[in-house]
Amino acid sequence: MNKETANVAYEDVRSDNSDTNWVVLKYDGNTIVIDSTGEDYEEFTNKFSDDDRGFAFLRIETGDEMSKRKKFALVTFIGTNVGALKRAKVSTDKAQVKDVFKSFAIEILTNEKSDLRVDRIKAEVVKAGGANYGTGC
């Protein structure tokens with residue numbers, strides 16, 4: 001993995017001056033590469049299939065009408081059609097990804113596309129954040 005390139009994408013997602021809400025990393029052979037970045041969460045949801053394995057870093061806005069906060073999620077996706085050796089490689093490669101994507105509120109490991117929906121990820125972020133006194137999320 002090119003850590004410098006991944007770090008640029010990571011900082012772009014974290015930046016208050018950027019509209020980028022997510023970055024997806026996938027495998028090109030044995031190398032982890034940036035697959036895509038974007039603003040639209042619906043587009044993000046469609047980035048993985050049952051044959052894919054990869055990682056994503058997302059910015060999620062939480063809070064209520066009085067206070068908005070940006071929180072971050074790290075997602076590891078391993079599709080149901082991925083073989084055992086490639087699954088195992090994801091586990092060891094995650095350490096490299098975490099060297100770059102250092103700050104996040106939650107970590108999700110899934111093989112279900114439904115777990116990639118932003119409403120589900122946001123609910124997990126809110127749950128991990130503890131007290132929620134507002135009327136909205």
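- The two residues Ile121 and Leu116 have their closest heavy-atom pair at CD1-O, 3.7 Å.
- The same ILVMFWY cluster, assembled from side-chain heavy atoms under 4.5 Å apart, contains both Ile106 and Val24.
- Once rounded to the nearest 0.5 Å, the distance linking OH of Tyr27 with NZ of Lys89 reads 6.0 Å.
- By the 6.0 Å and 45° rule, Lys102 does not stack over the aromatic ring of Phe72.
- In this structure, CZ in Arg59 is found 7.0 Å from CG in Asp16, a value given to the nearest 0.5 Å.
- Looking at every heavy atom in both residues, Asp19 comes nearest to Glu39 through O-CG, 3.0 Å.
- Residues Val82 and Val90 form no side-chain contact, since every pair of their non-hydrogen atoms from C-beta on lies 4.5 Å or further apart.
- Rounding to the nearest 0.5 Å gives a distance of 9.0 Å between CG of Asp115 and CZ of Phe77.
- The structure places NZ of Lys47 at 12.5 Å from CD of Glu42, a figure rounded to the nearest 0.5 Å.
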For side-chain contact (heavy atoms from CB on, under 4.5 Å), just list the numbers for Asp12 and Val23, CA-CA rounded to whole Å, side-chain angles, deciding distance to a tenth of an Å, and then say yes or no. CA-CA 9 Å; Asp12 189 36; Val23 57; over 6 Å; no
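- By the criterion of side-chain heavy atoms lying less than 4.5 angstrom apart, applied directly or through intervening Ile, Leu, Val, Met, Phe, Trp or Tyr residues, Leu25 is not grouped with Val75; the two fall into different hydrophobic clusters.
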I'd like to know whether Met1 forms a side-chain contact (heavy atoms from CB on, under 4.5 Å) with Val100, so could you lay out the CA-CA distance, the side-chain angles of the two residues, the decisive distance to 0.1 Å, and finally the verdict. CA-CA 10 Å; Met1 179 172 83; Val100 177; 3.7 Å; yes
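- With hydrogens and angles disregarded, no donor-acceptor distance shorter than 3.5 Å links the side chain of Arg53 to the backbone of Arg87.
- Of the N and O atoms on the side chains of Ser49 and Asp52, at least one donor lies less than 3.5 Å from an acceptor on the other residue.
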Using the rule given for side-chain contact (heavy atoms from CB on, under 4.5 Å), can you reason through Val118 versus Ile60, listing the C-alpha separation, both sets of side-chain angles and the distance that settles it, and then say yes or no? CA-CA 8 Å; Val118 71; Ile60 305 291; 3.8 Å; yes
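- In this view, Thr31 satisfies the side chain to side chain donor-acceptor pair (under 3.5 Å) rule with no residue, not counting sequence neighbours.
- Val8 and Val13 sit in two unconnected hydrophobic clusters of ILVMFWY residues. Membership requires side-chain heavy atoms under 4.5 Å apart, directly or through other members.
- With rounding to the nearest 0.5 angstrom, the NZ atom of Lys94 is 7.5 Å from the CD1 atom of Ile78.
- Nearest heavy atom pair, residue Phe101 against residue Phe104, reads O-CE2, 3.1 Å.
- Nearest approach of Ala105 to Ala128, heavy atoms of both residues: O-CB, 4.4 Å.
- Counting heavy atoms from C-beta outward, Tyr41 and Asp119 have side chains that stay 4.5 Å or more apart.
- Between Arg14 and Phe57, the shortest heavy-atom distance links the atoms CG-CE2, 3.8 Å.
- For the residue pair Asn81/Asp50, the side-chain donor-acceptor check at 3.5 Å is not satisfied.
- Counted within 6.0 Å of CG on Asn30, heavy atoms from surrounding residues, nucleotides or ligands total 12 or fewer; the atom is thus considered open.
- Note on Ile34: it does not cluster hydrophobically with Leu58, by side-chain heavy-atom contacts below 4.5 Å among ILVMFWY residues.
- In this structure, NZ on Lys26 lies 6.0 Å from CZ on Phe48, to the nearest 0.5 angstrom.
- Summarising the geometry of Ser36 relative to Trp22, their closest heavy-atom pair is OG-CZ3, 3.4 Å, with the distance given to 0.1 Å.
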